[in-house]
Amino acid sequence: MSEFRTRRLDRAGENDLNECWLQFRRRKEPHFKRSLELMRWLWHEGPGGPVESWIIEAREAGGDWKIVGHHGLCPVRFTFGSRDLLVAKTMNTFLLPEYRSKFLYLRFEQNCLQQYHSRYDAVCSLGGRGIHRLRQGFGYTGPSNWIEFERGSQHLDAVTRVIARGALRIPEAAAERLARQWLPMVSSRIKPAFEWTEFNSVEARQSDFFQDFWNQARSCAGMAPRREVADLTWRYWNRPDGNVATLVHSWSSGAKAYCAIERLNPFLYLLSDIYVTPPNPALLSEVLESLFHWCARRGVLRLAFFTTTEGQPRELLEVFFAHMRLNPFQTFRMRMEFCCRVPPETRAFGVPDHHWNFTSALTPV
């Protein structure tokens with residue numbers, strides 16, 4: 001009979017938790033990596049406060065305790081119109097498969113919920129299929145389905161999207177050479193609607209663009225994570241593993257657009273976050289076409305973007321469908337789903353339990 005105990009994570013246990021998380025992730029993703037430095041950045045540097053962590057330990061035959069599971073909550077600053085909210089996103093919640101028949105996980109998470117429910121205005125969760133069914137008894141509603149859009153080169157779109165799937169297996173130096181050779185074939189001669197202003201991390205933090213960007217955007221953003229300097233610095237600009245390009249554009253009308261692009265490989269880029277204010281389909285179409293042109297100049301074979309089926313207003317989601325393709329290996333019924341728990345006192349402010357603005361920016365590793 002296995003013996004278990006649960007407790008709050010302390011600083012001394014962070015390395016063991018990170019190693020256990022790597023062990024868990026690598027069962028399906030053999031090349032998954034996360035440094036202890038990055039974990040500590042995610043846990044302790046967020047503008048909403050430190051991550052709350054509870055660990056599950058099992059006693060080994062020699063009497064020592066080892067971590068076999070975890071439940072974490074990452075405080076994320078949200079806005080709903082003029083109201084500021086603090087939302088907890090479940091983070092790195094898992095139990096090693098060999099212990100799932102021996103430990104009552106739902107009772108453990110329920111005990112955690114009783115400790116933190118009064119601190120947060122809402123809680124949300126992104127996980128594999130069945131995550132909503134697992135947490136429905138705790139008051140979670142949903143689910144919305146997690147979907148992946150992608151865009152290949154202007155020429156041979158389907159072929160380049162397939163080729164890019166193997167790009168992560170190519171050594172970095174070789175991939176750089178191939179990208180330079182590919183560049184003349186994928187570069188478009190069509191003039192984009194506009195040219196992006198590109199910032200590195202230091203320039204982005206200091207730019208005037210972000211000083212008032214979210215104050216302008218929040219009124220029509222619905223339930224959305226903040227994109228203020230402190231939030232973007234944590235998500236992108238000061239991350240230990242950061243390799244992000246920040247793109248911005250302002251129209252003469254006063255409209256603005258922002259994108260965060262993560263370079264995963266010379267061939268493969270991730271549109272981690274995007275916001276256009278006001279949220280206008282015609283403006284979004286210009287943004288995407290100019291973004292594809294920007295990618296083509298760099299030899300990118302595949303640009304990916306993640307959201308949920310309710311993560312964008314319907315008229316904007318239709319623009320993504322018009323300009324990008326769904327990942328052919330993933331349908332709406334597969335893999336990941338999003339759900340949330342909005343208590344009555346937060347609902348009283350008009351906060352919905354669906355149609356949250358959701359992108360990869362809210363999926364820390």
Side-chain angles (χ1 to χ4, degrees), residues 46-49 73-90 116-126 139-144 204 207-236 246 248-251 253-260 272-284 287 305-320 338-364:
L73 291 169
C74 180
V76 181
R77 305 196 309 171
F78 268 65
T79 60
F80 182 68
S82 62
R83 188 175 294 276
D84 294 334
L85 302 169
L86 189 65
V87 173
K89 180 190 174 296
T90 60
Y116 65 69
H117 77 278
S118 61
R119 179 186 171 192
Y120 299 105
D121 296 296
V123 185
C124 63
S125 185
L126 176 71
Y140 283 75
T141 58
S144 298
S207 74
D208 292 336
F209 180 92
F210 288 104
Q211 300 309 311
D212 66 346
F213 173 67
W214 197 243
N215 282 335
Q216 176 180 334
R218 63 187 291 167
S219 63
C220 53
M223 186 62 173
R226 290 197 210 180
R227 275 90 165 184
E228 295 178 1
V229 171
D231 308 281
L232 298 176
T233 296
W234 173 66
R235 288 184 202 138
Y236 301 119
T246 304
V248 302
H249 180 70
S250 299
W251 285 266
S253 64
K256 293 183 177 182
Y258 134 83
C259 297
S272 181
D273 197 22
I274 181 171
Y275 198 82
V276 181
T277 181
N280 178 287
L283 292 180
L284 178 58
V287 165
F305 172 66
F306 294 86
T307 186
T308 72
T309 46
E310 295 184 346
Q312 305 290 324
R314 173 54 55 181
E315 62 273 18
L316 298 187
L317 196 62
E318 289 175 355
V319 176
F320 284 105
F338 171 79
C339 58
C340 59
R341 180 181 184 271
V342 182
E345 53 269 30
T346 303
R347 289 178 192 271
F349 304 142
V351 175
D353 54 12
H354 58 288
H355 296 302
W356 288 27
N357 181 276
F358 203 96
T359 68
S360 298
L362 279 180
T363 57

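The analysis underlying the following values was restricted to heavy atoms, covering all of them including side chains, and did not include hydrogens, waters or symmetry mates.
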Heavy-atom closest pair, residues [X] and [Y]:
{"X": "Ala255", "Y": "Pro278", "value": "CB-CD, 3.7 Å"}
{"X": "Phe305", "Y": "Gln312", "value": "CZ-NE2, 4.2 Å"}
{"X": "Pro75", "Y": "Arg119", "value": "CG-NH2, 3.9 Å"}
{"X": "Gly81", "Y": "Arg218", "value": "O-NE, 2.8 Å"}
{"X": "Cys339", "Y": "Tyr140", "value": "SG-CD2, 3.7 Å"}
{"X": "Ala224", "Y": "Ala221", "value": "CB-O, 3.8 Å"}

Note, [X] side chain near [Y] side chain (heavy atom, < 4.5 Å):
{"X": "Val123", "Y": "Cys340", "result": "no"}
{"X": "Val342", "Y": "Met223", "result": "no"}
{"X": "Thr277", "Y": "Phe213", "result": "yes"}
{"X": "Phe210", "Y": "Thr246", "result": "yes"}
{"X": "Leu283", "Y": "His249", "result": "no"}

For Pro225, give me all partners under side chain to side chain contact (heavy atoms under 4.5 Å, CB included), at least two apart in sequence or on another chain. Val76, Phe78, Arg227, Arg235, Asn357, Leu362
Residues forming a ring-ring contact (aromatic ring centres under 6.0 Å, His included) with Tyr116, sequence neighbours excluded: Trp54
Please tell me whether Phe358 and Phe338 form a close aromatic pair, meaning their ring centres lie under 6.0 Å apart. yes
Could you tell me whether a side-chain N or O of [X] sits under 3.5 Å from a main-chain N or O of [Y], the two making a donor and an acceptor?
{"X": "Gln216", "Y": "Gly254", "result": "yes"}
{"X": "Asp121", "Y": "Leu86", "result": "yes"}
{"X": "Thr233", "Y": "Val229", "result": "yes"}

In this structure, CG of Asp353 is separated from OG of Ser144 (nearest 0.5 Å) by 9.5 Å
Between CG on residue Leu73 and OG on residue Ser125, distance to nearest 0.5 Å: 9.0 Å
Between Leu126 and Phe306, is the side-chain contact (heavy atoms from CB on, under 4.5 Å) condition met? List the steps. CA-CA 12 Å; Leu126 176 71; Phe306 294 86; over 6 Å; no
Taking NZ, NE, NH1 and NH2 as the nitrogens, is one of them in Asp231 or Arg77 under 4.0 Å from a carboxylate oxygen of the other? yes
Tell me, with the steps shown, if Glu315 and Leu284 meet side-chain contact (heavy atoms from CB on, under 4.5 Å). CA-CA 10 Å; Glu315 62 273 18; Leu284 178 58; over 6 Å; no
Looking only at the side chains, is there a donor atom on one of Ser272 and Tyr236 sitting less than 3.5 Å from an acceptor on the other? yes
Mind running side-chain contact (heavy atoms from CB on, under 4.5 Å) on Val276 and Leu316 for me, showing each step along the way? CA-CA 10 Å; Val276 181; Leu316 298 187; over 6 Å; no
From the list Phe209, Tyr275, Tyr258, ring pair (Phe, Tyr, Trp, His ring centres under 6.0 Å) with Trp214 holds only for Tyr275
